[in-house]
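Please read through the structure below; I'll follow up with questions.
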Amino acid sequence: MTTSEWLRTLVPLVADLPQDIAEAERYRRLLQTLRTLFPCDAVALLRLEGDSLLPLATDGLSRDTLGRRFKVTEHPRLSALLESAGPQRFAPGSTLPDPYDGLIEGLHGHLEVHDCMGCALQVEGKAWGVLTLDSLRPGSFNDTHLDVLQAFGSLASATVGAAMRINRLARLAQSEHLRAESYKRAAGQPERALLGQSPALKQLLREIDLVGASELTVLVAGETGVGKELVAQALHARSPRADRPMVSLNCAALPDTLVESELFGHVRGAFTGAVSDRQGKFELANGGTLFLDEVGELPLAVQAKLLRVLQSGQLQRLGSDREHHVDVRLIVATNRDLPAEVRAGRLRADIYHRLSVYPLPVPPLRERGRDVLVLSGFFLEENRSRLGLGGLRLDHEAQAALLAYDWPGNVRELEHLIGRSVLKALGRQQPRPRILTLTAGDLGLRESGSQSTSTHAPAAAGDQLPLPLGLSLRQAVEATERHLVLQALEAHDQNWAQAARALQMDRANLVRLAKRLGIHDRH
């Protein structure tokens, strides 16, 4: 390529710098230009966040790469790029493992020897991330390419800087203060985000941006496992309260007798075991956000007290007459049909209208198309890091199986499936492989929809429990009840509220039944 051809290729990228272009499109053009200039088969732009590099855009790598998180200390090539003052090339014979082994799009089998180079990007005087280039042909890159990459790296840094400035102006215009990450790190929580590129997820993210900066109460609605808590965290991160705590409470995880104390607090002597005064979740969240998960499980008596707090900001601790004022932004979540709960008399109509100021439905995974591969990449990288593997990938049949499945358990089911499949596949391969490839057989998924009821419902009436001979009728009934209760709890990850719904009974009655059957200690 001549000098004039190089310049003609770069001019459009330079012209884009002052333009208001979507971040994803800006990065797509950057990588497209990179592939035009260099003889490579795959390029990637990764941002440094904490101790990991997060792929923002890729060209030539498998789609699940966007969901991965590359911990710098586990990938020596990426670490070397960040520490280097200029571009660096890794010769085909390099013994350092490549983070993209097995991830080149359209390549069957393992890729362990190839030519690659990259450079670190500096933005506003700080390390921002890296650009990486990979070629399937050894000897594709030379010293001239390194010199060109040095210049291109400066242009890439300018491109990233332009995107950052535009994003910063947008955040200032919306009064968004994204400081929630410090709270997550302080709490030691694993970093999770709403990953994907489907229209359904993009619409959800737009609504999060819209309502996040407000003080409106948000009702996050969706099926089990869709990521309602992640949505709540994103809403808090985009709110003016982002520098204040977000406190969470799962209303279905507590007995009815403890919900009031957890929400509003109690004073010493309010009940047996109350040996000291204790703040409730509302007081702990004062100035910040309170997230109530499974809000449809609140007992009616507690709903009345909750209504008073929502109306006036005043609450009384259990056993006290003293008033406490709180300033809390409320986000609630449910997988129930709350209007139906109102009609059934299990939820007060006035509470429902207070909670559903801004309904925000979360799409199920089956409506998010190829997002399942992006999410799979994230979970694969988590498992790769945890198990100390050099690489972990899906073959084409496995990807097709993931896309064809109906996902009744949504993202949570996908996470559990990936973790389970990796362990099973690893256990079948001796000696331990450096790069593990999951097949459709490892996943064990059936045709779409075939498991949508079997994995989430208790045994059907025809599924008989074998009982020993000689039992009385009462003993046989108790054995059957115990079997069904334990089975329902197992099917719903020990969630008593969901198990009660599956058994078509009230949650409090299920707890009493379990206690009578001698399984109350599992609650």
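Source: prediction; values computed, not measured.
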### Query
Does any pair with a residue in residues 213-223 pass salt bridge (Lys or Arg N to Asp or Glu O under 4.0 Å), and if so which ones, sequence neighbours excluded?
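Counting only pairs at least two positions apart or across chains, the salt bridge (Lys or Arg N to Asp or Glu O under 4.0 Å) contacts touching residues 213-223 are Glu215-Arg241, Glu223-Arg366.
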Report task. Find out whether Val357 and Val218 are in side-chain contact, i.e. whether some heavy atom of one side chain is under 4.5 Å from a heavy atom of the other. Result ->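 No, their side chains stay 4.5 Å or more apart.
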- Within a strict 4.5 Å, meaning less than it, do heavy atoms of the Pro408 and Glu413 side chains meet?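 Answer yes - side chains close enough.
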- Message: Under a 3.5 Å distance rule, please check whether His75 uses its side chain to pair with a backbone N or O of Ser52 as donor and acceptor.
- Response: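 Not a single qualifying donor-acceptor pair exists.
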Carefully, step by step, assess Leu46 and Thr132 under the rule side chain to side chain contact (heavy atoms under 4.5 Å, CB included).
CA-CA 8 Å; Leu46 300 93; Thr132 62; 4.1 Å; yes
What residues form a side chain to side chain contact (heavy atoms under 4.5 Å, CB included) with Ser385, not counting sequence neighbours?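 Ser385 satisfies side chain to side chain contact (heavy atoms under 4.5 Å, CB included) with Glu74 once adjacent residues are dropped.
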- Query: So, Thr224 versus Asn335: side-chain donor-acceptor pair below 3.5 Å or not?
  - Reply: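 Yes, Asn335 and Thr224 have a side-chain donor paired with an acceptor closer than 3.5 Å.
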Given the rule in the side chain to side chain contact (heavy atoms under 4.5 Å, CB included) test, do Leu380 and Arg68 qualify, once you have shown the distances and angles that lead to the verdict?
CA-CA 7 Å; Leu380 285 167; Arg68 296 176 182 255; 3.6 Å; yes
Task: Expected output: side-chain Arg329 to main-chain Ser214 donor-acceptor under 3.5 Å - done: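 A pair under 3.5 Å: yes.
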### Arg336 bridged to Glu297 by N-O distance under 4.0 Å
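Answer for the salt bridge query: yes.
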### Task
First locate atom CZ of Arg412, then atom CG of Leu417, and finally report the distance between them rounded to the nearest 0.5 Å.
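Rounded to the nearest 0.5 Å, the CZ-CG separation comes out at 14.5 Å.
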Per the salt bridge (Lys or Arg N to Asp or Glu O under 4.0 Å) rule, what does the pair list look like for residues 136-147, sequence neighbours excluded?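 Sorted result for residues 136-147: Asp41-Arg137.
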Nearest atoms (heavy-atom pairs only) where Ala440 meets Asp395: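 Here Ala440 and Asp395 meet closest at N-OD1, 4.0 Å.
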Heavy-atom pair with the smallest gap, counting every atom of Ala91 and Asp115
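So the two residues come closest at CA-OD1, 4.4 Å.
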Is the shortest side-chain heavy-atom distance between Val411 and Arg368 below 4.5 Å?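 The answer is yes, as the side chains (C-beta and beyond) meet within the 4.5 Å cut-off.
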I'd like to check Thr33 versus Leu155 (side-chain heavy atoms, cut-off strictly below 4.5 Å). Are they in contact?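 Not in contact.
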**Report entry** Partners meeting side chain to side chain contact (heavy atoms under 4.5 Å, CB included) with Leu56 (sequence neighbours left out)
**Finding:**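 By the side chain to side chain contact (heavy atoms under 4.5 Å, CB included) rule, Leu56 matches Tyr27, Arg47, Trp128.
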Report task. For the residue pair Gln32 and Arg29, confirm or rule out a side-chain donor-acceptor distance under 3.5 Å. Result ->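 No donor-acceptor contact under 3.5 Å links the two side chains.
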In terms of ring plane angle, is the pair Tyr100 and Phe70 parallel, tilted or perpendicular, where the classes change at 30° and 60°?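 Perpendicular: the ring planes of Tyr100 and Phe70 meet at over 60°.
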- Donor-acceptor pair, side chain of Ser356 and main chain of Pro359, under 3.5 angstrom: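 Not confirmed, Ser356 side chain does not pair with Pro359 backbone.
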*asked:* Check whether Ser79 reaches the backbone of Pro76 with its side chain - one donor and one acceptor, N or O, closer than 3.5 Å.
replied: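 The answer is no, because no donor-acceptor pair under 3.5 Å joins these two groups.
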**Q.** Contact check, side chains of Leu392 and Leu387, non-hydrogen atoms, under 4.5 Å
**A.**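 They are not in contact (no side-chain heavy atoms under 4.5 Å apart), so the answer is no.
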- Looking only at atom types and distance, does a side-chain atom of Trp407 sit under 3.5 Å from a main-chain N or O of Glu367, one as donor and one as acceptor?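 No, the answer is negative, given that no donor and acceptor are paired below the 3.5 Å cut-off.
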Mind running side chain to side chain contact (heavy atoms under 4.5 Å, CB included) on Asn410 and Val362 for me, showing each step along the way? CA-CA 11 Å; Asn410 293 291; Val362 182; over 6 Å; no
Taking only Lys NZ, Arg NE, NH1 and NH2, and the carboxylate oxygens of Asp or Glu, determine whether Lys424 and Asp442 approach each other closer than 4.0 Å.
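Salt bridge between Lys424 and Asp442, a charged N being under 4.0 Å from a carboxylate O: no.
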* What closest approach, in Å, do Thr334 and Gly296 show between heavy atoms, and which atom pair accounts for it? ->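 Taking Thr334 first and Gly296 second, the nearest heavy atoms are OG1-N, 4.2 Å.
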ask   = Does the side chain of Leu414 come within less than 4.5 Å of Tyr405's, by heavy atoms?
value =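 A side-chain contact under 4.5 Å is absent here.
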Looking only at atom types and distance, does a side-chain atom of Lys228 sit under 3.5 Å from a main-chain N or O of Gly222, one as donor and one as acceptor?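 Such a contact is found between Lys228 side chain and Gly222 backbone.
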For Leu81 against Ala120, the heavy-atom pair lying closest together: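 Taking Leu81 first and Ala120 second, the nearest heavy atoms are O-CB, 3.3 Å.
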Using the side chain to side chain contact (heavy atoms under 4.5 Å, CB included) criterion, which residues pair with Val374? Sequence neighbours excluded.
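With sequence neighbours excluded, Val374 shows a side chain to side chain contact (heavy atoms under 4.5 Å, CB included) to Arg63, Leu66, Leu195, given in chain and number order.
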inquiry  = On a heavy-atom basis, which atom in Cys40 and which in Leu133 lie closest, and how many Å separate them?
reply    =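 Residues Cys40 and Leu133, closest heavy atoms: SG-CD2, 4.2 Å.
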**OP:** Can you sort out the partners of Glu415 under salt bridge (charged side-chain N to carboxylate O under 4.0 Å, His left out), two or more places apart, ordered by chain and number?
**Re:**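 Partners of Glu415 under the salt bridge (charged side-chain N to carboxylate O under 4.0 Å, His left out) test: Arg192.
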task = Nearest 0.5 Å please: distance from the NZ atom of Lys281 over to the CG atom of Leu284.
result =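 Those atoms lie 6.5 Å apart.
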N/O donor-acceptor pair under 3.5 Å between Thr65 side chain and Ser62 backbone: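 Yes, Thr65 side chain to Ser62 backbone: donor-acceptor pair under 3.5 Å.
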- Message: Counting C-beta onward and ignoring hydrogens, is there a side-chain heavy-atom pair between Thr289 and Leu235 closer than 4.5 Å?
- Response: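 Heavy-atom side-chain distance check fails, nothing below 4.5 Å.
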*Mind checking whether Leu48 and Val130 have side chains closer than 4.5 Å, heavy atoms only?*
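SC-SC contact between Leu48 and Val130 ruled out.
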| Step by step, would you call Leu34 with Leu30 a side chain to side chain contact (heavy atoms under 4.5 Å, CB included)? | CA-CA 6 Å; Leu34 197 63; Leu30 178 71; 5.9 Å; no
Is there a donor-acceptor pair closer than 3.5 Å between any side-chain N or O of Asp327 and the backbone N or O of Gly287?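 Between the backbone of Gly287 and the side chain of Asp327 there is no qualifying donor-acceptor contact (under 3.5 Å).
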Closest approach of Ala156 to Leu131 (non-hydrogen atoms, all atoms of both residues):
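For Ala156 and Leu131, the tightest heavy-atom pair comes out as CB-CD1, 3.6 Å.
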Return yes if some donor-acceptor pair links the side-chain N/O of Ser84 with the main-chain N/O of Ala80 below 3.5 Å, else return no.
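Here the side-chain-to-backbone pair does not exist.
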Charged N to carboxylate O below 4.0 Å: is that the case for Arg393 and Asp64?
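Asp64 and Arg393: not salt-bridged.
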Hey, does the side chain of Arg77 reach the backbone of Leu96 with a donor-acceptor pair shorter than 3.5 angstrom?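 Looks like yes, one N/O pair under 3.5 Å.
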